[in-house]
Amino acid sequence: MEEKLTVYIAEIDAQWEEIQKIYSSIEKKSGFLREDLGNEDLTNSLAYKIHNLYSAYEDLFKLTAHFFENQINDFSGYHVSLLKRMKIVIEGMRPRFLSDESFAILDELRGFRHVFRHAYGYALDAERVLLTAKKSLQLEELFLKDFIQFREKLKKAT
(Lines give C-alpha, C1' and ligand atoms only; values in the text may rest on other atoms or scores of the structure.)
Protein backbone atom coordinates (compact mmCIF):
# COMPACT_ATOMS: atom_id res chain seq x y z
CA MET A 1 0.00 0.00 0.00
CA GLU A 2 2.89 2.36 0.75
CA GLU A 3 4.11 2.20 -2.86
CA LYS A 4 0.65 2.91 -4.24
CA LEU A 5 0.23 5.81 -1.83
CA THR A 6 3.53 7.30 -3.01
CA VAL A 7 2.29 7.12 -6.60
CA TYR A 8 -1.04 8.66 -5.62
CA ILE A 9 0.67 11.55 -3.82
CA ALA A 10 2.86 12.16 -6.88
CA GLU A 11 -0.26 12.21 -9.06
CA ILE A 12 -2.09 14.72 -6.88
CA ASP A 13 1.04 16.87 -6.66
CA ALA A 14 1.24 16.92 -10.47
CA GLN A 15 -2.45 17.83 -10.70
CA TRP A 16 -1.93 20.67 -8.20
CA GLU A 17 0.86 22.00 -10.44
CA GLU A 18 -1.60 22.03 -13.37
CA ILE A 19 -4.16 23.85 -11.25
CA GLN A 20 -1.59 26.49 -10.34
CA LYS A 21 -0.84 27.10 -14.03
CA ILE A 22 -4.54 27.79 -14.58
CA TYR A 23 -4.54 30.19 -11.62
CA SER A 24 -1.69 32.11 -13.21
CA SER A 25 -3.68 32.48 -16.41
CA ILE A 26 -6.80 33.57 -14.51
CA GLU A 27 -4.83 36.28 -12.70
CA LYS A 28 -3.38 37.61 -15.94
CA LYS A 29 -6.65 37.53 -17.88
CA SER A 30 -8.53 39.14 -14.98
CA GLY A 31 -6.16 42.09 -15.10
CA PHE A 32 -6.65 42.52 -18.84
CA LEU A 33 -10.44 42.26 -18.55
CA ARG A 34 -10.64 44.83 -15.73
CA GLU A 35 -8.99 47.29 -18.15
CA ASP A 36 -11.33 46.42 -21.04
CA LEU A 37 -14.72 45.31 -19.65
CA GLY A 38 -16.39 45.50 -23.05
CA ASN A 39 -14.07 42.93 -24.58
CA GLU A 40 -16.25 39.88 -25.23
CA ASP A 41 -13.30 37.74 -26.30
CA LEU A 42 -11.47 38.42 -23.04
CA THR A 43 -14.65 37.73 -21.07
CA ASN A 44 -15.11 34.41 -22.82
CA SER A 45 -11.43 33.54 -22.46
CA LEU A 46 -11.45 34.19 -18.72
CA ALA A 47 -14.70 32.25 -18.32
CA TYR A 48 -13.11 29.34 -20.18
CA LYS A 49 -10.14 29.38 -17.79
CA ILE A 50 -12.48 29.34 -14.78
CA HIS A 51 -14.29 26.40 -16.41
CA ASN A 52 -10.92 24.66 -16.82
CA LEU A 53 -10.00 25.39 -13.21
CA TYR A 54 -13.05 23.63 -11.85
CA SER A 55 -12.50 20.72 -14.24
CA ALA A 56 -8.90 20.40 -13.02
CA TYR A 57 -10.08 20.32 -9.40
CA GLU A 58 -12.65 17.71 -10.33
CA ASP A 59 -9.91 15.60 -11.94
CA LEU A 60 -7.98 15.83 -8.65
CA PHE A 61 -11.03 14.61 -6.76
CA LYS A 62 -11.58 11.78 -9.24
CA LEU A 63 -8.00 10.62 -8.58
CA THR A 64 -8.80 10.62 -4.88
CA ALA A 65 -12.11 8.78 -5.18
CA HIS A 66 -10.51 6.20 -7.46
CA PHE A 67 -7.48 5.64 -5.22
CA PHE A 68 -9.53 5.16 -2.08
CA GLU A 69 -12.14 3.14 -3.93
CA ASN A 70 -14.99 5.36 -2.82
CA GLN A 71 -16.59 5.66 -6.23
CA ILE A 72 -19.82 7.46 -6.91
CA ASN A 73 -22.40 5.24 -8.53
CA ASP A 74 -25.24 7.75 -8.88
CA PHE A 75 -24.43 9.44 -12.17
CA SER A 76 -27.45 11.76 -12.07
CA GLY A 77 -25.77 13.96 -9.46
CA TYR A 78 -22.19 12.85 -10.02
CA HIS A 79 -20.49 16.26 -9.96
CA VAL A 80 -22.06 17.47 -6.73
CA SER A 81 -21.72 14.04 -5.11
CA LEU A 82 -18.00 13.93 -5.90
CA LEU A 83 -17.53 17.38 -4.41
CA LYS A 84 -19.51 16.50 -1.28
CA ARG A 85 -17.53 13.30 -0.89
CA MET A 86 -14.31 15.31 -0.63
CA LYS A 87 -15.45 17.20 2.45
CA ILE A 88 -16.15 14.13 4.55
CA VAL A 89 -13.86 11.82 6.47
CA ILE A 90 -14.19 8.21 5.43
CA GLU A 91 -13.12 6.39 8.58
CA GLY A 92 -10.46 3.81 8.04
CA MET A 93 -9.93 4.94 4.44
CA ARG A 94 -9.01 8.60 4.11
CA PRO A 95 -9.13 11.99 5.80
CA ARG A 96 -11.32 14.88 4.74
CA PHE A 97 -9.88 16.66 1.71
CA LEU A 98 -11.90 19.91 1.68
CA SER A 99 -12.71 22.49 4.33
CA ASP A 100 -16.21 23.94 4.35
CA GLU A 101 -14.83 27.23 2.96
CA SER A 102 -13.13 25.54 0.01
CA PHE A 103 -16.20 23.42 -0.62
CA ALA A 104 -18.45 26.50 -0.79
CA ILE A 105 -16.31 28.24 -3.42
CA LEU A 106 -15.80 25.04 -5.42
CA ASP A 107 -19.55 24.51 -5.42
CA GLU A 108 -19.99 28.01 -6.87
CA LEU A 109 -17.38 27.24 -9.51
CA ARG A 110 -19.20 24.00 -10.31
CA GLY A 111 -22.36 26.02 -10.92
CA PHE A 112 -20.45 28.52 -13.04
CA ARG A 113 -19.01 25.71 -15.15
CA HIS A 114 -22.51 24.39 -15.74
CA VAL A 115 -23.74 27.81 -16.89
CA PHE A 116 -20.66 28.29 -19.06
CA ARG A 117 -21.15 24.94 -20.78
CA HIS A 118 -24.76 25.77 -21.57
CA ALA A 119 -24.47 29.48 -22.40
CA TYR A 120 -24.94 29.13 -26.12
CA GLY A 121 -27.61 31.75 -26.61
CA TYR A 122 -26.38 34.68 -24.57
CA ALA A 123 -23.27 36.73 -23.85
CA LEU A 124 -21.48 36.35 -20.55
CA ASP A 125 -21.45 39.33 -18.21
CA ALA A 126 -17.85 40.58 -17.74
CA GLU A 127 -18.52 41.82 -14.19
CA ARG A 128 -19.90 38.43 -13.13
CA VAL A 129 -17.01 36.61 -14.75
CA LEU A 130 -14.56 38.88 -12.90
CA LEU A 131 -16.38 38.26 -9.62
CA THR A 132 -16.15 34.52 -10.19
CA ALA A 133 -12.46 34.87 -11.05
CA LYS A 134 -11.90 36.77 -7.80
CA LYS A 135 -13.60 33.99 -5.82
CA SER A 136 -11.53 31.37 -7.62
CA LEU A 137 -8.35 33.23 -6.67
CA GLN A 138 -9.49 33.29 -3.02
CA LEU A 139 -9.89 29.54 -3.27
CA GLU A 140 -6.24 29.05 -4.19
CA GLU A 141 -4.99 29.98 -0.72
CA LEU A 142 -7.81 28.19 1.09
CA PHE A 143 -7.36 25.00 -0.88
CA LEU A 144 -3.59 25.03 -0.48
CA LYS A 145 -4.11 24.72 3.30
CA ASP A 146 -6.54 21.83 2.72
CA PHE A 147 -4.14 20.16 0.32
CA ILE A 148 -1.17 20.38 2.69
CA GLN A 149 -3.22 19.03 5.63
CA PHE A 150 -4.57 16.19 3.51
CA ARG A 151 -1.09 15.16 2.33
CA GLU A 152 0.33 15.33 5.87
CA LYS A 153 -2.46 13.11 7.22
CA LEU A 154 -1.87 10.60 4.43
CA LYS A 155 1.83 10.46 5.15
CA LYS A 156 1.23 9.98 8.89
CA ALA A 157 -1.07 7.06 8.14
CA THR A 158 1.75 5.09 6.50
(message) Please check this pair: side chain of D146 against backbone of L98, looking for a donor-acceptor N/O pair closer than 3.5 Å.
(response) no
(request) Under the salt bridge (charged side-chain N to carboxylate O under 4.0 Å, His left out) rule, collect the residues that match up with D41, sequence neighbours excluded. (result) none
(request) Could you go through the side-chain contact (heavy atoms from CB on, under 4.5 Å) check for N52 and F116 one step at a time? (result) CA-CA 11 Å; N52 289 352; F116 179 80; over 6 Å; no
(request) Test side-chain contact (heavy atoms from CB on, under 4.5 Å) on Y57 and I19 and set out the steps. (result) CA-CA 7 Å; Y57 271 111; I19 288 169; 3.9 Å; yes
(message) Can you tell whether the side chains of K84 and D107 come within less than 4.0 Å, N to carboxylate O?
(response) no
(request) Could you tell me whether E58 and R113 make a salt bridge, using a distance below 4.0 angstrom between a side-chain N and a carboxylate O? (result) yes
(request) Please assess E40 against L124 for the test side-chain contact (heavy atoms from CB on, under 4.5 Å), listing each intermediate value before the final yes or no. (result) CA-CA 8 Å; E40 187 178 348; L124 296 169; over 6 Å; no
(request) Output the distance between atom CD1 (I26) and atom NZ (K49), rounded to the nearest 0.5 Å. (result) 8.5 Å
(request) May I ask you to check whether F97 and F61 place their ring centers less than 6.0 Å from one another? (result) yes
(message) For A56 versus Q15, what's the shortest heavy-atom pair and its separation?
(response) O-NE2, 2.9 Å
(request) Find out if a path of hydrophobic residues (ILVMFWY) with successive side-chain heavy-atom gaps under 4.5 Å connects L63 to L5. (result) yes
(request) Is it possible for you to say whether I148 and L60 belong to one hydrophobic cluster, with membership spreading through side-chain heavy-atom contacts below 4.5 Å? (result) yes
(message) Assigning hydrophobic clusters by single linkage (Ile, Leu, Val, Met, Phe, Trp, Tyr; side-chain heavy-atom cutoff under 4.5 Å), is L144 placed with L137?
(response) yes
(request) Rounded to the nearest 0.5 Å, what's the gap from NZ on K29 to OH on Y48? Could you check? (result) 10.5 Å
(request) For atom NZ of K62, decide whether the heavy atoms of other residues, nucleotides or ligands shown that lie under 6.0 angstrom number more than 12. (result) yes
(message) Show the nearest heavy-atom pair for residues F150 and R96, with the distance to one decimal.
(response) CD1-O, 3.5 Å
(request) Please report the closest heavy-atom contact between A126 and T43, naming both atoms and the distance. (result) CB-OG1, 3.5 Å
(request) Indicate whether the side chain of T64 and that of Y8 have a donor and an acceptor atom separated by less than 3.5 Å. (result) yes
(request) Report the distance from atom CD of E101 to atom CD1 of I105, rounding to the nearest 0.5 Å. (result) 8.5 Å
(message) Quick check for you: to the nearest 0.5 Å, what is the distance between F103 atom CZ and I88 atom CD1?
(response) 10.5 Å
(message) Could you go through R151 and I9, starting from their C-alpha distance and side-chain angles, then the distance that decides it, and tell me whether this counts as side-chain contact (heavy atoms from CB on, under 4.5 Å)?
(response) CA-CA 7 Å; R151 287 179 86 259; I9 290 172; 3.1 Å; yes
(message) Return the OG to CD distance between S30 and E35, rounded to the nearest 0.5 Å.
(response) 11.5 Å
(request) Please report the closest heavy-atom contact between L130 and L46, naming both atoms and the distance. (result) CD2-CD2, 3.9 Å
(message) Quick check: closest heavy atoms across E140 and Y23, and the distance to 0.1 Å?
(response) N-OH, 3.3 Å
(request) Report yes if some heavy atom in the side chain of R85 is under 4.5 Å from a heavy atom in the side chain of R94; otherwise report no. (result) yes
(message) For E152, is there an ion pair with K155 - N to carboxylate O distance below 4.0 angstrom?
(response) no
(request) Look at the aromatic rings of F147 and F143 and report parallel, tilted or perpendicular, splitting at 30° and 60°. (result) tilted
(message) Please find the pair of heavy atoms, one from L42 and one from N39, that lie closest to each other, and give the distance.
(response) N-OD1, 2.9 Å
(message) Do L131 and L106 land in one hydrophobic cluster if side-chain heavy atoms of ILVMFWY residues count as linked below 4.5 Å?
(response) no
